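Fair warning: this is a prediction, and the values are worked out from it, not measured in the lab.
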Amino acid sequence: MRLLCDEMLANLARWLRAAGHDTTLAEPGTPDATLIGLCRAERRVLITRDRQLVREAGDGIDSVLLTGENPDAHAALLADRLGLDWTKAPFTRCMLDNTPLRPAEEDEIAGIPPQSRVLPGPFRTCPCCGRVFWPGSHVRRMTAQLERWRAASPPVSAPEG
């Protein structure tokens with residue numbers, strides 16, 4: 001599943017990427033028609049808080065309208081409406097630019113804090129921005145949140161057939 005978050009949902013886009021979902025973030029000021037066209041061309045699900053944008057997208061575009069500001073409610077709604085798995089493939093996409101990560105090389109690992117180099121990994125790098133991801137406390141806290149959201153989500157039933 002490919003997702004597109006409107007420009008107001010940058011934080012949600014980072015969480016979706018942290019969970020391993022291909023999530024594009026709209027550039028500020030992108031016209032609605034351009035966003036709708038992008039969703040159509042790339043077969044992306046539109047995630048927004050903009051009711052007018054959902055109306056303009058119509059039935060031809062899958063969309064989820066978020067209400068309120070509660071991240072837990074947003075996580076539950078996305079799991080329910082899309083069958084979204086919050087633990088799909090944690091930390092396999094760059095949270096900044098959505099690029100799939102690759103295993104970090106030795107020289108990249110050498111650039112992280114010494115106490116983190118002894119962790120069991122995985123150590124990954126974004127080939128686009130160069131950011132290195134490792135299983136430090138920030139990743140552990142985020143992983144715990146992703147697991148809480150998954151545990152609170154309704155079970156996804158297997159497709160019939």
Side-chain angles (χ1 to χ4, degrees), residues 1-104 108 111 122-136 138-154 156 159:
M1 171 177 12
R2 304 179 80 206
L3 309 168
L4 183 144
C5 289
D6 75 22
E7 67 184 87
M8 301 302 293
L9 298 173
N11 191 45
L12 178 61
R14 282 191 289 275
W15 279 104
L16 288 162
R17 292 169 180 165
H21 296 283
D22 179 352
T23 306
T24 297
L25 179 63
E27 292 292 324
T30 303
D32 290 355
T34 302
L35 294 178
I36 293 165
L38 182 63
C39 286
R40 185 172 286 114
E42 296 185 4
R43 291 188 167 92
R44 291 188 180 274
V45 176
L46 175 64
I47 302 173
T48 183
R49 289 190 297 224
D50 184 340
R51 293 178 193 282
Q52 180 61 34
L53 178 55
V54 170
R55 280 192 294 273
E56 288 176 27
D59 293 334
I61 301 292
D62 287 336
S63 61
V64 177
L65 178 66
L66 301 177
T67 57
E69 300 291 325
N70 183 327
D72 294 336
H74 293 170
L77 179 64
L78 290 170
D80 180 52
R81 288 277 318 276
L82 302 176
L84 191 132
D85 180 355
W86 284 102
T87 58
K88 177 186 179 212
F91 302 99
T92 56
R93 301 191 79 81
C94 181
M95 291 187 300
L96 300 177
D97 58 37
N98 195 40
T99 303
L101 301 177
R102 64 167 173 74
E108 294 165 326
F123 299 93
R124 296 184 176 120
T125 301
C126 176
C128 186
C129 73
R131 182 174 181 187
V132 179
F133 293 83
W134 67 88
H138 186 69
V139 169
R140 285 193 302 272
R141 285 190 305 273
M142 290 185 76
T143 298
Q145 180 61 56
L146 293 171
E147 289 172 356
R148 280 191 295 275
W149 283 341
R150 182 159 196 278
S153 299
V156 178

Can you tell if the side chain of [X] reaches within under 4.5 Å of the side chain of [Y], non-hydrogen atoms only?
X	Y	value
Pro127	Thr99	yes
Val139	Thr143	yes
Arg44	Leu35	no

Between [X] and [Y], is there a donor-acceptor pair closer than 3.5 Å when you use the side chain of the first and the backbone of the second?
X	Y	answer
His21	Asp85	yes
Arg17	Leu96	yes
Arg102	Thr125	no
Arg81	Val64	no
Glu56	Ala33	no

[atom1]/[X] to [atom2]/[Y] distance, rounded to the nearest 0.5 angstrom?
X	Y	atom1	atom2	result
Leu46	Asp32	CG	CG	9.0 Å
Leu53	Leu65	CG	CG	9.5 Å
Thr24	Ile47	OG1	CD1	10.5 Å
Leu146	Arg141	CG	CZ	13.0 Å
Cys126	Asn98	SG	CG	9.5 Å
Arg14	Cys94	CZ	SG	11.0 Å

- Do Trp15 and Gln145 pass the side-chain contact (heavy atoms from CB on, under 4.5 Å) test, and can you show the C-alpha distance, the side-chain angles, and the key distance before you say yes or no? CA-CA 10 Å; Trp15 279 104; Gln145 180 61 56; 3.7 Å; yes

Looking only at heavy atoms, which two atoms of [X] and [Y] are closest? And how far apart?
X	Y	result
Lys88	Pro90	C-CD, 3.9 Å
Pro135	Phe123	CD-CE2, 4.1 Å
Arg49	Glu69	NH1-OE1, 3.2 Å
Thr92	Gly20	OG1-CA, 3.9 Å
Ala18	Met142	CB-CE, 3.9 Å

- Message: Does the plane of the ring in Phe91 sit parallel, tilted or perpendicular to the ring in Phe133? Use 30° and 60° as the thresholds.
- Response: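 Tilted: the ring planes of Phe91 and Phe133 meet at 30° to 60°.
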
- Task: Please check if atom CD in Gln52 has more than 12 non-hydrogen atoms from other residues, nucleotides or ligands closer than 6.0 Å.
- Result: yes

- From the list Leu25, Leu38, Thr23, Ile61, side chain to side chain contact (heavy atoms under 4.5 Å, CB included) with Leu4 holds only for Leu38

- Task: Give me the one residue out of Asp22, Val45, Leu9 that meets side chain to side chain contact (heavy atoms under 4.5 Å, CB included) with Leu3.
- Result: Val45

- Applying side-chain contact (heavy atoms from CB on, under 4.5 Å), run through Leu101 and Met95 and close with a yes or a no. CA-CA 10 Å; Leu101 301 177; Met95 291 187 300; over 6 Å; no

- Message: Evaluate Leu12 against Leu16 for side-chain contact (heavy atoms from CB on, under 4.5 Å), listing each step before the verdict.
- Response: CA-CA 6 Å; Leu12 178 61; Leu16 288 162; 3.9 Å; yes

